[in-house]
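Chain naming here is simple, since letters A, B, ... match the order of the sequence lines and numbering starts at 1 in each.
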Protein chains: 2
Amino acid sequence: MKYIKIPPATIYRLSRYSRKLSLLSREGLEVVSSEKLAAECGVNSAQLRKDLAYFGEFGVRGVGYYTGHLLQHIKNILGLEKEWRLGLFGVGNLGQALLHYPNFINQGYRFVAAFDVDSGKIGQTLGSGLEISDMKDITEVVSREPFEIGVITTPAGGAQQVVELAIEAGVKGILNFAPVILRVPGDVVVEYVDFTLRLDSLSYYLSNR
Amino acid sequence: MKYIKIPPATIYRLSRYSRKLSLLSREGLEVVSSEKLAAECGVNSAQLRKDLAYFGEFGVRGVGYYTGHLLQHIKNILGLEKEWRLGLFGVGNLGQALLHYPNFINQGYRFVAAFDVDSGKIGQTLGSGLEISDMKDITEVVSREPFEIGVITTPAGGAQQVVELAIEAGVKGILNFAPVILRVPGDVVVEYVDFTLRLDSLSYYLSNR
DNA sequence: TGGTGTGAACAACTTCACAGCG
DNA sequence: CGCTGTGAAGTTGTTCACACCA
């Protein structure tokens, strides 16, 4: 593993490879070529080999990759051997949908706390047994029930402020669904999920053909 | 408007500019510099000017951009002057959350149809007044209530098949929330929204510091 | 004068093509 | 012999730096 900067896109692709490998492995496939796995993931095979090469040599020349073995390696690289705990900020429709999102649970992500500012919601217990806390009590909640990643599903206007509270309480990773760019310190990682961005893009390509 | 290929990333950024401009414009700001708007959107100012330059000259040298004027232009470029109609495929938790997602409605996107395969759901009327149709009746529904964009919130396993039905019925744009790569004909546009990809990425960066 | 518009330099990422090894 | 691993070439996207103009 040489010390080179790894493209963010490589990390996203690793996640895809891992998902596809899970599937192939469960289907009983023992060996897969870069050609085949790449095709399934919609990328070039050289790309796939290069992605893996950032982290080591996992294949066998003339043969391919052992699915189970490679899957284990990728999960390790991505840090998926441990369970990650999530805190939800903003218990609206979207937030509640995420609480029940099966792909999160299957992949080792688990919500352990939920926050809102709406006094009508605070104190309520959700189907999952999770109680909605006041955003102001975050420090106390985190010390009782720690989590590493904050999931932001508040309206755009409130997101920055909420994130600052979360970071103050020690959260180092943010998954942001609010359509705004967040300002955070250098040691905090943010990933964005922005639906309207994608829809606008569709709008553009459908309009210009 | 010269005839050059436009980077996909430029389109995403236009969407962000438009959102920020809406805000600034509503706040009463009449003129904005590339420096300021770029900072608000988290990009380099040369980048912003170059993005706009693909489509024309919208600024005034020595002054900046007139917010309302520029906003109008960007909306025009993105095709946001018209209302886009959406069809929902898969009425689970996530799908229902999207039906009520305020940012869609505000931006001129409207759901006009909803589909599922679950016979328990088919025929039910949702809060919005939308009736859930059988996926098999898609052609008939589309002819009665046409829409341009299909939003996929089915489980991963069913997505490809659903998309094929939608395309057969004439849908040309797909917003896919299912964590799989879709195979579609060249004249169909797909945009992906994949939560787990982003979470895995967070997992990676939080594990490797 | 001050901020836009843009060619040219730079940086990042992807694909090719083939050496090297099981 | 076939498929991986990888330097080199190609492509795409970003930033610089300054000419140009209201």
Side-chain angles (χ1 to χ4, degrees), chain A residues 1-17 21 24 29-71 73-74 77 181 197 201 204-205, chain B residues 1-17 21 24 29-71 73-74 77 181 197 201 204-205:
Chain A
M1 177 173 171
K2 289 219 236 100
Y3 200 71
I4 310 175
K5 206 189 148 260
I6 290 149
T10 289
I11 305 304
Y12 291 132
R13 283 190 298 265
L14 285 181
S15 174
R16 283 207 231 141
Y17 303 153
L21 280 169
L24 295 175
L29 191 71
E30 304 231 319
V31 175
V32 67
S33 68
S34 65
E35 197 66 53
K36 167 154 195 206
L37 181 56
E40 297 260 2
C41 295
V43 305
N44 180 299
S45 70
Q47 177 86 84
L48 184 149
R49 293 196 298 276
K50 188 140 275 189
D51 285 339
L52 297 178
Y54 285 117
F55 301 96
E57 307 200 358
F58 306 119
V60 183
R61 290 169 198 231
V63 178
Y65 301 89
Y66 290 97
T67 51
H69 179 241
L70 180 58
L71 176 58
H73 267 295
I74 294 181
I77 293 164
I181 302 295
L197 217 69
S201 177
Y204 170 79
Y205 290 111
Chain B
M1 176 172 169
K2 289 218 236 101
Y3 201 70
I4 311 175
K5 205 186 149 265
I6 290 147
T10 289
I11 305 303
Y12 290 133
R13 284 191 297 265
L14 285 180
S15 175
R16 284 207 230 140
Y17 303 154
L21 280 168
L24 295 175
L29 191 70
E30 306 230 319
V31 175
V32 68
S33 68
S34 64
E35 197 67 52
K36 167 156 194 206
L37 182 55
E40 297 259 3
C41 296
V43 304
N44 180 299
S45 71
Q47 176 89 81
L48 185 150
R49 294 197 297 277
K50 189 139 274 188
D51 285 339
L52 297 177
Y54 286 116
F55 301 96
E57 306 199 359
F58 307 119
V60 184
R61 289 169 197 231
V63 178
Y65 301 89
Y66 290 98
T67 50
H69 180 242
L70 181 58
L71 176 57
H73 268 294
I74 293 181
I77 292 163
I181 302 296
L197 218 68
S201 177
Y204 171 78
Y205 290 110

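For the pair A:Arg13/A:Leu48, no side-chain contact is recorded, criterion being any heavy-atom separation below 4.5 Å from C-beta on. The closest side-chain heavy-atom distance from B:Asp51 to B:Val43 is not below 4.5 Å. The shortest side-chain heavy-atom distance between A:Tyr65 and A:Leu37 does not fall under the 4.5 Å cut-off.
Set against D:dA19, C:dC13, C:dG20, the side chain of B:Arg61 has D:dA19 as its closest nucleotide.
Of the residues in residues 35-51 of chain B, those placing a heavy atom less than 4.0 Å from an atom of DNA chain D are B:Asn44, B:Ala46, B:Gln47, B:Arg49, B:Lys50, in numerical order.
Spacing between atom CZ of A:Phe55 and atom P of D:dT4 amounts to 18 Å, rounded to whole angstrom units. Going from atom OH of A:Tyr54 over to atom P of D:dT4 covers 18 Å, rounded to whole Å. The distance from atom CG of A:Leu52 to atom P of D:dT6 is 11 Å, rounded to the nearest whole Å. Put simply, OH on A:Tyr12 is 16 Å from C1' on C:dA12, counting in whole angstrom units. If you measure from atom CZ of B:Arg13 to atom P of D:dT15, you get 8 Å, rounded to the nearest angstrom. Nucleotide D:dG5 holds its C1' atom 15 Å from the NE2 atom of A:His73, rounded to whole Å. Taking atom CD1 of residue A:Ile11 and atom P of nucleotide C:dT14, one finds them 12 Å apart after rounding to whole Å.
Remark: side-chain polar atoms of A:Ser45 are not paired, donor with acceptor, to backbone N or O of A:Ala38 under 3.5 angstrom.
Between the CD atom of A:Glu40 and the CG atom of A:Leu21 there is a distance of 10.0 Å, given to the nearest 0.5 Å.
Contact annotation: A:Tyr65 reaches the phosphate of D:dG5 (side-chain N/O to OP1 or OP2, under 4.0 Å). Taking side-chain N and O atoms only, B:Ser34 has a distance below 4.0 Å to OP1 or OP2 of C:dT4.
Across the interface with DNA chain C, nearest-nucleotide mapping of A:Val63 and A:Thr10 shows A:Thr10 to be the residue nearer the 5′ end. Between A:Val60 and A:Ala9, the one whose closest nucleotide on DNA chain C sits nearer the 5' end is A:Ala9.
Taking both residues in full, the closest heavy atoms of A:Tyr204 and B:Phe55 are given as OH-CE2, 4.0 Å, listed atom of the first, atom of the second, then distance.
Within a 6.0 Å sphere centred on OH of A:Tyr66, other residues, nucleotides and ligands contribute 12 heavy atoms or fewer.
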